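Since we're looking at a predicted model, the values are computed, not measured. Letters A, B, ... are given to chains in the order of the sequence lines, protein chains preceding strands, and every chain is numbered from 1.
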Amino acid sequence: MENKHELPKTYDPKSFEDRIYQNWCDKKYFTPSVDDGKPPFSIVIPPPNVTGQLHMGHALDETLQDILIRWKRMEGYSALWLPGTDHAGIATQIKVEEVLRKDEGLTRYDLGREKFLERVWDWKNKYGNRIINQLKKLGSSCDWSRERFTMDEGLSKAVREVFVNLYNKGLIYRGYRIINWCPHCRTALSDAEVEYIEQQGSFWHIRYPLKGGSGYVEVATTRPETMLGDTAVAVNPNDERYTSLIGKTLILPLVGREIPVVADEYVDIGFGTGCVKITPAHDPNDFEVGKRHDLEVIKVISDNGSINELGGKYAGMDRYEARKAIVADLEAEGYLVRIEPHTHNVGTCYRCKTTVEPLASDQWFVKMAPLVGPALDAVKEGRIKFEPERFSKIYINWMENLHDWCISRQLWWGHRIPAFYCEDCGEMTVAKTDVTVCPKCGGTHIHQDPDVLDTWFSSALWPFSTMGWPEKTPEFEKYFPTNVLVTGYDIISFWVSRMIFSSLEHTGNIPFSTVFIHGLVRDAKGRKMSKSLGNGIDPLEIIDKYGADALRFALATGNSPGNDMRFSDEKIEAARNFANKLWNASRFVRMNLTIEETGLPEYASLANEDKWILDRFNRLTATVNSSLEHFEVGVTLSAIYDFTWDVFCDWYVELTKARLNAPGTEENLTAQRVLLYVLTGILKLLHPFMPFITEEIYLSLPHDCESIMISDYPKVTEELYNTEVADSFERVITAIKAIRTRRADMNIAPSRKSKVYIATKYADSFGESTKPFFVRLASASEVEVAEAFDENEVNADNSVQIITDSAVIYLPLADIIDIDKERKRLNTELERLKADAERLNKKLSNESFVSKAPAAVVDGERAKLAKALESISGVETALKKLG
RNA sequence: GGAGGCAUAGCUCAGUUGGUUAGAGCGCAUGCUUGACAUGCAUGAGGUCAUUGGUUCAACUCCAAUUGUCUCCACCA
């Protein structure tokens, strides 16, 4: 047995959390061994961005994962929680560019690609561990020895392997298509990276005159500047208003270009004017129309969002500046018909919120159609389960409506696309290793594609790339597929779905069997926490003030899967108060301990209240284990909370005080052992949720293991169930509560003690050993129990009468009692009970209820009726005695 | 336009396959220095479980519609 330390008088989490975490690390408890012979349980962390700072969303995510992993570890699994970080292409590149501009007044182009990347790596090495250290403050039991980074050597190898395989299968291709372009980040974006924000805009109606001066057509647009790239106007072939115009030629205003009127089903007859200007280079639908009619693609907006050299007099203007100028010119020349206000959704970059510009560009794409089927089947067939289940619908809906995935980014920070071009013969080679000699012409003037891959391309491989894939490492063999993925619903489309189809395609296996989805953490007013609102709550400040355990408790409690939650001062204070309560109860138990052993004494030697608490604890254990199995973290925690506070502290600890005050007796030792057993059990059940305080207390008590985190999680012990004794003891509790209630009703000061006479047919329940409980907890001066009421002992006229379903209790308090009031009260009570009994009678005489309801339910109702009848007879007796 | 969530006490929220008198925290009221804890103890007030219908012996729970509210996806120029 190690030395047991003292527990200081005040609960001060700062005094032990870091020390305990360091000890766990030193002992390597977080690092499971592949050959430990235990069944595997694994989770990979959703890798936070290296640029990131811990926020409440992370705190919730990590807390839930840690709860699961600690629970499974204590249950005897080889529990691996694999941590790491994501290189976060756009975010990190922007971050370092900012620093560069601020500190040195330079742009990345000033440095050049290689030098710039050196700076990014410097930055990563310097600040990339910040978020990892923050995770440690939370108590996360990640296996830091297996920490990975999306751009480390192994993962980069996996990325290349996947790219080349997909390319060779024809699932990756290069194409000239309309993509979403962010003029600020100067890169292409995937559909998922575009956020639509509703904006107040205008609808400009413009006349396009017919060649030859005989009339015009009227088109409407929200982006007038794109007219510089118009190469046709389209009408619906079934639109009778315009059939005569099809095939005619128009003169594009301001530009003077001749463009045709084409017929295309894409045009909605009922919307706008029914005539649509077609700009194939800057609109995805127009691009398709253009392909069908063989129209020229004229790109007029450049990478930085300005009008390019094809824009005539508008060349060089920013797109919004050009819009103003064009509208003004149209008006001056009489082409502008009118301007309508118009609300529409504008696509913006999810990183910088700049309005994206759709433009035609050469990019790399993943062909989605062949990957979707298996990824849908895995969920539909239940091999991958979403928890809560409803999120599988969101997943399915998204997967069924996928376009090809644009994976190339015009950035420098990321995995460079492994495509090599021969400058001599133009051959392109895609290969796992760098190409230096052209396989076609033998030329050596080779350059690699300058683009990098979408960050999510490497994230999609995370569950297996982190395990060493494509090598068959021992980790991969043992821990893949992983068991649970814990993440927020906001990331299902970005990440979860891509992991699923990638894993199925490349490993032939699912990446995880359960996706445990949680909601967002909002502020006390229900608003999303954001930098711009400045309403974010810093988890590290909370930890500093209240402790990591309190933060974890606040995040885990009252939170149901998939739902958003609010974080408030009240919540964190309630959590801290609970920790304080546990701390003090433990201190009380500890100061009364003289024993060293940890087990229970002979069951037969236990008092009824001991058997009662053990029965209740056993039930708690059953609840906890089954609800954790269903990811009901919040329900589990509140069950432990209620038991700890209401059952253990408020009742059982109080009930043991009489025995604790009698040192040296056998009863005293028994009480100590049961107290220690139940308290230790609570600590173990609670440990996954509140790892620090439970460890600190556990080690201060006689303990059976060198750390609570590697001890065994409590399991149900069949022998500890004892409904009969537990029910019998509940009668005592019921009686004490009833006495307290009556005394409070009558405003009897606690200092005013009273004799307590208990008339009951359950005299066994109210044995000699229960009398001190009435003295201590119900202000009794002395207690007398009788099988039946003894008229000689009690003058009912002078007694307060209390009726429970198992006893009639008399408090002789002659000077306080008001006979009329008593009679009235008893009559009201009698009426209520009779109404109850009648209702139950009616229910039980209902033939279909008795025959169709389960026997247990019917029996339950019968028991209720029996209790009601007993109470009725108790009240009637009392009334009779009252005269 | 498509899909989904939510609606329970003054506030914030639980309520695990339908089965007592619907719960918690905070707040409120009353009384307590009960030698672990005032970050506490005891007691209490407070709810037609959004509305209407349906299924069932039985509905806060399942189904449909309605109202309010939030979110995601698509995007008609």
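Sorted by residue number, the members of residues 634-649 of chain A with any non-hydrogen atom under 4.0 Å from RNA chain B read A:Tyr641, A:Trp645, A:Cys649.
Summarising the geometry, the separation between CG on A:Asp745 and C1' on B:rA29 is reported as 14 Å, rounded to the nearest angstrom. Distance CG (A:Asn236) to C1' (B:rA77): 13 Å, rounded to an integer number of Å.
Taking only side-chain nitrogens and oxygens, A:Asn846 never comes nearer than 4.0 Å to OP1 or OP2 of B:rA58. Applying the 4.0 Å criterion to OP1 and OP2 of B:rC73, one finds that A:Asn345 has every side-chain N and O outside that range. At the phosphate of B:rC70, neither OP1 nor OP2 sits under 4.0 Å from any side-chain N or O atom of A:Lys528. Dashed line: the shortest gap from a side-chain N or O of A:Thr221 to OP1 or OP2 of B:rA77 is not under 4.0 Å. A:Thr741 has a side-chain polar atom (N or O) that falls below the 4.0 Å cut-off from OP1 or OP2 of B:rG44.
Between the base of B:rU39 and the side chain of A:Arg576 there is a donor-acceptor pair shorter than 3.5 Å. Side-chain atoms of A:Glu861 and base atoms of B:rA58 include no donor and acceptor less than 3.5 Å apart.
Rounded to whole Å, the P atom of B:rC28 lies 43 Å from the corresponding atom of B:rA64. Comparing the P positions of B:rU21 and B:rU33 gives a spacing of 39 Å, expressed to the nearest Å.
As the counterpart of B:rU30, B:rA42 is assigned, both hydrogen-bonding distances of the Watson-Crick or G-U wobble pattern falling under 3.5 Å.
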